[in-house]
Amino acid sequence: MREAARVGTEMDMRVLVTGGCGFIGTNVVRRWRSERPDWTLVNLDKLTYAANPENLADLERDPKYIFVRGDVGNEELVSHVLESRKIDAVVHMAAESHVDRSILGPGIFIESNVRGTQVLLDACKRAKVSRFVMVSTDEVYGSLGPTGLFTESTPLAPSSPYSASKAAADLIALAYHHTFEMDVVVTRCSNNYGAFQFPEKFIPLMITNAMRDESLPVYGDGGNVRDWIHVDDHATGILAALEKGKAGETYNFGGSSERRNIDVAKQILAQLKKPETLLKFVQDRAGHDRRYAIDASKAKRDLGWSPAHDFENGLAETVRWYVGHPEWIEKTRSGEYRNYYDKQYGARLA
Ligand code: NAD
Ligand code: TYD
């Protein structure tokens, strides 16, 4: 290990972020470049269907931003990046992230999320990286009934191949702390929304379908509840965990904004002035978790973190962002997305 004290105290930290061309990664890189201008950010991303390097195109000439295309499961490459770029800390966000895709094909989730995380951890251990932040998810806790909140001590009970792969990665990271005394901090955040989210996820899918007057596929009875958080608030949470988190600890982040899916879909339609007749209740997701809700009091108390966005304003701002970026939407919705959409929704919307 390099001296843990480097993290959070040094002006010139060199941080490897993985998955920086995805939704959260893009927002993290953009925000941290302006909030921590002295840091160097190295972004390792494989560029899967979910990535969009153009999101960060304006940083191409920024000497403190370096993009490396590659897989976190490529041992040689990861070790080379850690050594040659003299990385102090790693923030691991790269993952296959969509539950529905994990139901259609779990294999890549195990490969990237589980094996990829283990390879990255091993490389960080060898390179004596000062801190490893594992960006996990509240989905590792499974599903809640009508009441109660997830705390950091809620037992892990993931239900989808996606959440099971994230739980494995999350626990492997904690095991590297316990067994090898690696400096690991785990974050578990609720559902994010905001700019640059790939339109396979609920909120951008509803917005982009409504913009085109296409049906909004609502799974089951629409009564499933998610606890929404603005992606910027997640980005400040991960930063706080990196700088102030205690090794071996886990921190929940959430926006205290529990909403039923059907209500969110109706809000989006109202903002876009589209009719509710576009709503279409379709066959439910297999094993669909009913409710997520986060108790983030530990992060508030120990990291001094709190969310800055309220859901209604954040959602309105997000809808405006999509309306203002038709070319971005067109690009993400072409090619591979079309095949996925037909496979996922063809029979459901027929
Ligand atoms: P995303 O799918 O938008 O982006 C994932 C990024 O990781 C993409 O750029 C992709 O190319 C890259 N990637 C995938 N496999 C890779 C590999 N093997 N090697 C290198 N790069 C690879 O996902 P997101 O929504 O931005 O989520 C980022 C992280 O945050 C994930 O770990 C996810 O589990 C976690 N998370 C997401 C949410 C959410 O609501 N989106 C909530 C909590 C936690
Ligand atoms: P999603 O954005 O996939 O996030 P997660 O499943 O990881 O929480 O889905 C959010 C909620 O929206 C979830 O309850 C499933 C539901 N949903 C739909 O009703 N229709 C859809 O087309 C999608 C993608 C999701």
Side-chain angles (χ1 to χ4, degrees), residues 17-28 43-53 55-56 68-74 77-78 91-103 108-109 111-113 115-117 119-120 134-140 143 159-160 162-163 165-166 169-170 187-194 196-206 209 215-229 231 234 237-238 252-254 259-262 264-265 279-285 288-292 294 332 341 344-345 348-349:
V17 299
T18 70
C21 296
F23 162 50
I24 296 171
T26 292
N27 285 285
V28 160
N43 170 14
L44 173 65
D45 195 302
K46 180 174 137 187
L47 300 187
T48 69
Y49 76 91
N52 196 340
N55 296 346
L56 300 168
V68 180
R69 182 175 188 173
D71 195 318
V72 292
N74 180 340
L77 172 72
V78 168
V91 175
H92 180 36
M93 296 176 287
E96 289 293 333
S97 67
H98 190 35
V99 172
D100 289 325
R101 286 190 191 247
S102 81
I103 295 167
I108 187 70
F109 285 73
E111 187 58 31
S112 281
N113 301 2
R115 191 181 156 275
T117 299
V119 168
L120 186 62
M134 171 70 213
V135 178
S136 186
T137 162
D138 67 341
E139 300 193 28
V140 298
S143 186
S159 15
S160 71
Y162 162 68
S163 53
S165 72
K166 290 296 293 185
D170 172 321
T187 65
R188 296 180 184 147
C189 187
S190 63
N191 288 65
N192 287 216
Y193 69 94
F196 299 107
Q197 188 168 30
F198 193 80
E200 64 184 356
K201 301 281 168 53
F202 182 68
I203 286 184
L205 181 74
M206 298 295 126
N209 278 18
S215 294
L216 274 55
V218 178
Y219 294 162
D221 64 0
N224 298 67
V225 171
R226 295 294 182 264
D227 181 353
W228 295 99
I229 181 172
V231 64
H234 190 191
I238 301 170
N252 281 352
F253 295 104
R259 299 289 184 279
R260 295 188 314 155
N261 293 337
I262 185 67
V264 175
L279 293 169
K280 177 141 190 189
F281 291 94
V282 298
Q283 190 199 338
D284 208 353
R285 170 187 283 171
H288 195 174
D289 285 341
R290 189 65 181 170
R291 177 173 165 261
Y292 302 147
I294 279 274
T332 55
Y341 195 85
Q344 177 65 15
Y345 295 101
R348 281 186 161 106
L349 287 173

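Computed from a predicted model, the values in this text were never measured in an experiment. Only heavy atoms go into these numbers, but all of them, side chains included; no hydrogens, no water, no symmetry mates. In listed order, ligands and their atoms are each counted from 1.
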Counting only nitrogen or oxygen atoms and a 3.5 angstrom limit, does [X] reach ligand 1?
{"X": "Thr48", "value": "yes"}
{"X": "Gly73", "value": "no"}
{"X": "Glu96", "value": "no"}
{"X": "His92", "value": "no"}
{"X": "Ala94", "value": "no"}

How far is [atom] from the closest protein heavy atom, and which atom is that?
{"atom": "atom 15 (N) of ligand 1", "answer": "Ser112 OG, 3.7 Å"}
{"atom": "atom 42 (C) of ligand 1", "answer": "Ser190 O, 3.4 Å"}
{"atom": "atom 4 (O) of ligand 1", "answer": "Gly22 CA, 3.3 Å"}
{"atom": "atom 21 (N) of ligand 1", "answer": "Lys46 N, 3.1 Å"}
{"atom": "atom 19 (N) of ligand 1", "answer": "Val72 N, 3.0 Å"}
{"atom": "atom 40 (O) of ligand 1", "answer": "Asn192 N, 2.9 Å"}
{"atom": "atom 29 (C) of ligand 1", "answer": "Met93 O, 3.1 Å"}
{"atom": "atom 19 (O) of ligand 2", "answer": "Tyr219 N, 2.8 Å"}
{"atom": "atom 6 (O) of ligand 2", "answer": "Arg285 NH1, 2.5 Å"}
{"atom": "atom 3 (O) of ligand 1", "answer": "Phe23 N, 3.0 Å"}

Considering the heavy atoms of [X], write down every atom of ligand 2 situated less than 4.0 Å from one of them.
{"X": "Asp100", "result": "24 (C)"}
{"X": "Asn261", "result": "11 (C), 12 (O), 13 (C), 14 (O), 16 (C)"}
{"X": "Glu200", "result": "24 (C)"}
{"X": "His98", "result": "3 (O)"}
{"X": "Val218", "result": "19 (O)"}
{"X": "Glu139", "result": "5 (P), 7 (O), 8 (O)"}
{"X": "Val99", "result": "6 (O), 7 (O)"}
{"X": "Asn191", "result": "4 (O), 5 (P), 8 (O)"}

Could you pull out, from [options], the option with a heavy atom nearest to [atom]?
{"atom": "atom 22 (O) of ligand 2", "options": "Tyr345, Tyr292, Phe202", "result": "Tyr345"}
{"atom": "atom 9 (O) of ligand 1", "options": "Asp71, Asp45, Asn52, Leu120", "result": "Asp45"}
{"atom": "atom 36 (N) of ligand 1", "options": "Asp170, Leu77, Ile24, Ile229", "result": "Ile24"}
{"atom": "atom 43 (C) of ligand 1", "options": "Gly20, Gly25, Cys189", "result": "Cys189"}
{"atom": "atom 14 (C) of ligand 1", "options": "Ala95, Ser136, Ser163, Gly19", "result": "Ala95"}

For [X], the ligand 1 atoms whose distance to one of its heavy atoms is below 4.0 Å:
{"X": "Gly70", "result": "19 (N), 20 (C)"}
{"X": "Leu47", "result": "11 (O)"}
{"X": "Val135", "result": "30 (O), 32 (O)"}
{"X": "Asn191", "result": "40 (O)"}
{"X": "Lys166", "result": "31 (C), 32 (O), 33 (C), 34 (O)"}
{"X": "Ala50", "result": "2 (O)"}
{"X": "Tyr162", "result": "33 (C), 34 (O)"}
{"X": "Ser97", "result": "1 (P), 2 (O), 23 (O)"}

Tell me, do [X] and [Y] make a side-chain contact under 4.5 Å, heavy atoms counted?
{"X": "Asn52", "Y": "Phe196", "result": "no"}
{"X": "Val72", "Y": "Val119", "result": "no"}
{"X": "Asn224", "Y": "Arg226", "result": "yes"}

Quick one: closest heavy-atom pair of [X] and [Y], and the distance?
{"X": "Lys166", "Y": "Met134", "value": "NZ-CE, 3.9 Å"}
{"X": "Leu205", "Y": "Pro199", "value": "CD1-O, 3.1 Å"}
{"X": "Ile294", "Y": "Ser190", "value": "CG1-CB, 3.8 Å"}
{"X": "Ile229", "Y": "Cys189", "value": "CG2-SG, 3.7 Å"}

- Message: Applying a heavy-atom cut-off of 4.0 Å, say which part of Leu205 lies close to ligand 2: side chain, backbone, both or neither.
- Response: side chain
- Heavy atom under 4.0 Å from ligand 2: found in Asp289's side chain, backbone, both, or neither? neither
- Message: Regarding Arg260 and Asp221, does a basic nitrogen lie under 4.0 Å from an acidic carboxylate oxygen?
- Response: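 The answer is no: the pair does not qualify as a salt bridge.
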Contact (N/O only, under 3.5 Å) between [X] and ligand 2:
{"X": "His288", "result": "yes"}
{"X": "Arg226", "result": "yes"}
{"X": "Pro217", "result": "yes"}

- Hey, can you tell me if Phe253 and His234 have their rings parallel, tilted or perpendicular (30° and 60° cut-offs)? tilted
- Message: Would you call the rings of Trp228 and Tyr193 parallel, tilted or perpendicular, taking 30° and 60° as the class edges?
- Response: perpendicular
- Tell me, please: is Cys21 in heavy-atom contact with ligand 1, that is, under 4.0 Å?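 Yes, Cys21 has heavy atoms under 4.0 Å from ligand 1.
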- Mind running side-chain hydrogen bond (donor to acceptor under 3.5 Å, both in side chains) on Arg101 and Tyr49 for me, showing each step along the way? CA-CA 12 Å; Arg101 286 190 191 247; Tyr49 76 91; 3.1 Å; yes
- Message: The test is side chain to side chain contact (heavy atoms under 4.5 Å, CB included); show your working for Lys46 and Ser112 and say whether it passes.
- Response: CA-CA 10 Å; Lys46 180 174 137 187; Ser112 281; 3.8 Å; yes
- Item | Exam field: side chain Asn209 to backbone Ser215, donor-acceptor pair closer than 3.5 Å |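 Judged by distance alone, yes, a pair lies under 3.5 Å.
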- Rounded to the nearest 0.5 Å, how far apart are CG of Asp170 and CD of Glu139?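 So the CG of Asp170 and the CD of Glu139 are separated by 12.5 Å.
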- How many angstroms lie between CG in Leu47 and SG in Cys21, if you round to the nearest 0.5 Å?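 Reported to 0.5 Å precision, the distance equals 5.0 Å.
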- Task: Start with the C-alpha gap between Glu96 and Tyr162, add the side-chain angles, then the distance that decides, and say whether side-chain hydrogen bond (donor to acceptor under 3.5 Å, both in side chains) holds.
- Result: CA-CA 8 Å; Glu96 289 293 333; Tyr162 162 68; over 6 Å; no
